[in-house]
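Residue numbers start from 1 in every chain, and the chains themselves are labelled A, B, ... in the order their sequence lines are given, proteins ahead of strands.
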Number of protein chains: 2
Amino acid sequence: MGGLRVLQIGLGDIGLEIAKLASKKSGLKIVGASDLVKYVGEDLGAILGFGAMGVKIVPDYREALKDTKPDLILHATSSYLQDVYEQIVDCVKEGANIISTCEELSYPFYKHPDLAKNLHHLAKKNRVRILGTGVNPGFLMDTLVTFLTTVCQEVESIVVERVIDASHRRQAFQRKIGVALTEEEFTSKIEGKEISGHVGLEESIAMICDTLGWRLQRIEAEQPKPIIASKQVSSPYYTVPAGKVAGIQQTARGYVNGEARITLIFKAYIGAEEYDHIHIRGTPEVNQMIKPAIQGDKATAAIVVNSIWPLLKTKPGLKTMRDLQPLSYK
Amino acid sequence: MGGLRVLQIGLGDIGLEIAKLASKKSGLKIVGASDLVKYVGEDLGAILGFGAMGVKIVPDYREALKDTKPDLILHATSSYLQDVYEQIVDCVKEGANIISTCEELSYPFYKHPDLAKNLHHLAKKNRVRILGTGVNPGFLMDTLVTFLTTVCQEVESIVVERVIDASHRRQAFQRKIGVALTEEEFTSKIEGKEISGHVGLEESIAMICDTLGWRLQRIEAEQPKPIIASKQVSSPYYTVPAGKVAGIQQTARGYVNGEARITLIFKAYIGAEEYDHIHIRGTPEVNQMIKPAIQGDKATAAIVVNSIWPLLKTKPGLKTMRDLQPLSYK
């Protein structure tokens, strides 16, 4: 009954996908699970479709922390660092390592340098590691990009485009990109921060610059724009008539020496023809196309679980994906 | 005048490309250069087109070692570990780290476990690091492949295909793949080991298996086959009439649990439509195409130079590309 003691916090679609994968991996033992509202009182194994695991889902993660004394937290609750900061601090103070899908945690040094510094000190003090990761930010639009530049003698500019068919993604994802809204509703909800769009382009740009040693002057992140359905399209959750919002497009640019040297374009809408495209202008050129686009929910769970052992080999502190090696399926 | 003291051994086309790139990088200082036959007595800077550098090319690398006391050797002399073993040992005994383009050194544990063990002990004893790398083996058909599996919950099988237009490569490369020979000459030279074809598919397969934790049963490497020109084609070095050899194709398969789970296909011929294709069957699927194929000679020099600082951060010993992070353009 050995193995790394794992506590899952957050049982949305991504949290469930992570818990399901983690529970199948040798060397890991899920000892607790927590969600504020979902499945409270039920057995995690039953929820995952495996039959009882003896892991009762509790609403208060602090209770789960004290009761289960985990070595590692797998955490999937929110995209924003300020929303999860206290949760991470609580976990670290209990002596647990933590891997979170919080998008802003993937590279927190740009938007939240003070929180990042605090987390780093706290992790070192408690001899644990903190990592934010996922498919994007965390891999496709940053870590993979810098990895590919290894073949380059010079890098002039980088353009990354991720285009995904949102109908393959979870409902929460479709909601946050505004599927089935009118254009006016979309604009008002984006401005009122009721829907977030995709979070992470700025983190990816800052991480790329830091890795390549480029001095980032500023990031220009455009306001998310709606993509309007030209004909009726549908997903398992929504039917979108022509003229309503099928999804979102977002662009962010990183400026170095007065030039937009990094451009990240993210599009997610119902019915999109999917791909992940990385174009590195340099010597030599790298023109990489992944088609279809990497399935994000499956990939995020994989990346979280595949990061566990490389993370635990690092020295305590706040880490990013660049600190982990070798990264691979385990 | 500070910086890492670098000695370049081997001034073939790849060695020159490496020396040229290294001499442009801050933090590196080329203090010596050696080649058995080429450019002996000349100044390296003049050969590279930079004007005099005060680095005289000597025929005996041992003399250069003693005279220049380098921190790091950049080494490009042969594809075979047995041919370069003594050279590496000499460098390590002088206390120098070494990065070599020797294909068999990229993952020597499969074909040459005893030599690998000796090199590892010797490197540890002398507190230096040894690395074999290059575009392939070293990156496109192994390190990049395992890196991409990070997004996978399961990996069933891997097929990698590299197809390159040999006319963009150096003459030595074109010669070793049999360009312009008759089919009979090709077969006889391959059998007589006068030409090698591409060296490295077995190293790549063994490295992938080791990284993924797959138990490799055996590798089946087909004898290289000629690709015959169907019409006249030409490169800067050769004109190949229809019916003669335009290049080579090679396939190797790695067997795990009785199944060929890794298939690597390498084709290099004059006039090829180029690409690098990685197909990972798994959850999720990864179908990656790089087009045009990565320019190999430029990329090998880049990979060697970009590996320097990550390598020097590792503990002494014999390393592979999997030990280095973060890998990127520097």
Between CD of A/Glu154 and CG of B/Leu21, what distance do you get to the nearest 0.5 Å?
-> 7.5 Å
Within the side chain of B/Asn306, is there an N or O that forms a donor-acceptor pair under 3.5 Å with the backbone of A/Val151?
-> no
Side chain from CB out, backbone as N, CA, C, O: work out which of these in A/Val305 comes under 4.5 Å of a heavy atom of chain B, or both, or neither.
-> neither
Enter the distance from B/Leu212:CG to A/Lys330:NZ here, rounded to the nearest 0.5 Å.
-> 8.0 Å
When only pairs under 4.5 Å are counted, which of A/Thr300, A/Asp323, A/Thr283, A/Val304 shares the most heavy-atom pairs with chain B?
-> A/Asp323
Side chain, backbone, both or neither: which part of A/Thr143 has an atom under 4.5 Å from a heavy atom of chain B?
-> both
Which one of A/Leu140, A/Thr146, A/Thr149 has the most heavy-atom pairs closer than 4.5 Å to chain B?
-> A/Thr149
Could you go through the side chain to side chain contact (heavy atoms under 4.5 Å, CB included) check for B/Gln288 and A/Gln288 one step at a time?
-> CA-CA 7 Å; B/Gln288 184 217 242; A/Gln288 185 206 62; 2.2 Å; yes
Find the distance between OG (B/Ser328) and CG (A/Asp210) and round it off to the nearest 0.5 Å.
-> 10.0 Å
Which bit of A/Leu324 is near chain B, if near means a heavy-atom gap under 4.5 Å: side chain, backbone, both or neither?
-> backbone
B/Phe139, part contacting chain A, at a heavy-atom distance under 4.5 Å = side chain
In terms of heavy-atom pairs under 4.5 Å, which option from B/Val286, B/Val135, B/Leu144 contacts chain A the most?
-> B/Leu144
Heavy-atom neighbours of A/Arg281 CZ exceed 12 at 6.0 Å | no
What residue, out of A/Lys24, A/Glu17, A/Lys291, has the most heavy-atom pairs lying under 4.5 Å from chain B?
-> A/Lys291
NZ (A/Lys298) and CD (B/Gln153) are apart, to the nearest 0.5 Å, by 5.5 Å
Check whether more than 12 heavy atoms from other residues, nucleotides or ligands sit under 6.0 Å from atom NZ of B/Lys319, and answer yes or no.
-> yes
Point-to-point distance, once rounded to the nearest 0.5 Å, from CD1 of B/Ile290 to CG of A/Leu148 = 5.5 Å
Considering only heavy atoms, which portion of B/Lys25 lies under 4.5 Å from any heavy atom of chain A: side chain, backbone, both, or neither?
-> side chain
Between OG1 of A/Thr150 and OH of B/Tyr329, what distance do you get to the nearest 0.5 Å?
-> 12.0 Å
In terms of side-chain heavy atoms, does A/Glu285 have a donor or acceptor partner in B/Gln295 at a distance below 3.5 Å?
-> no
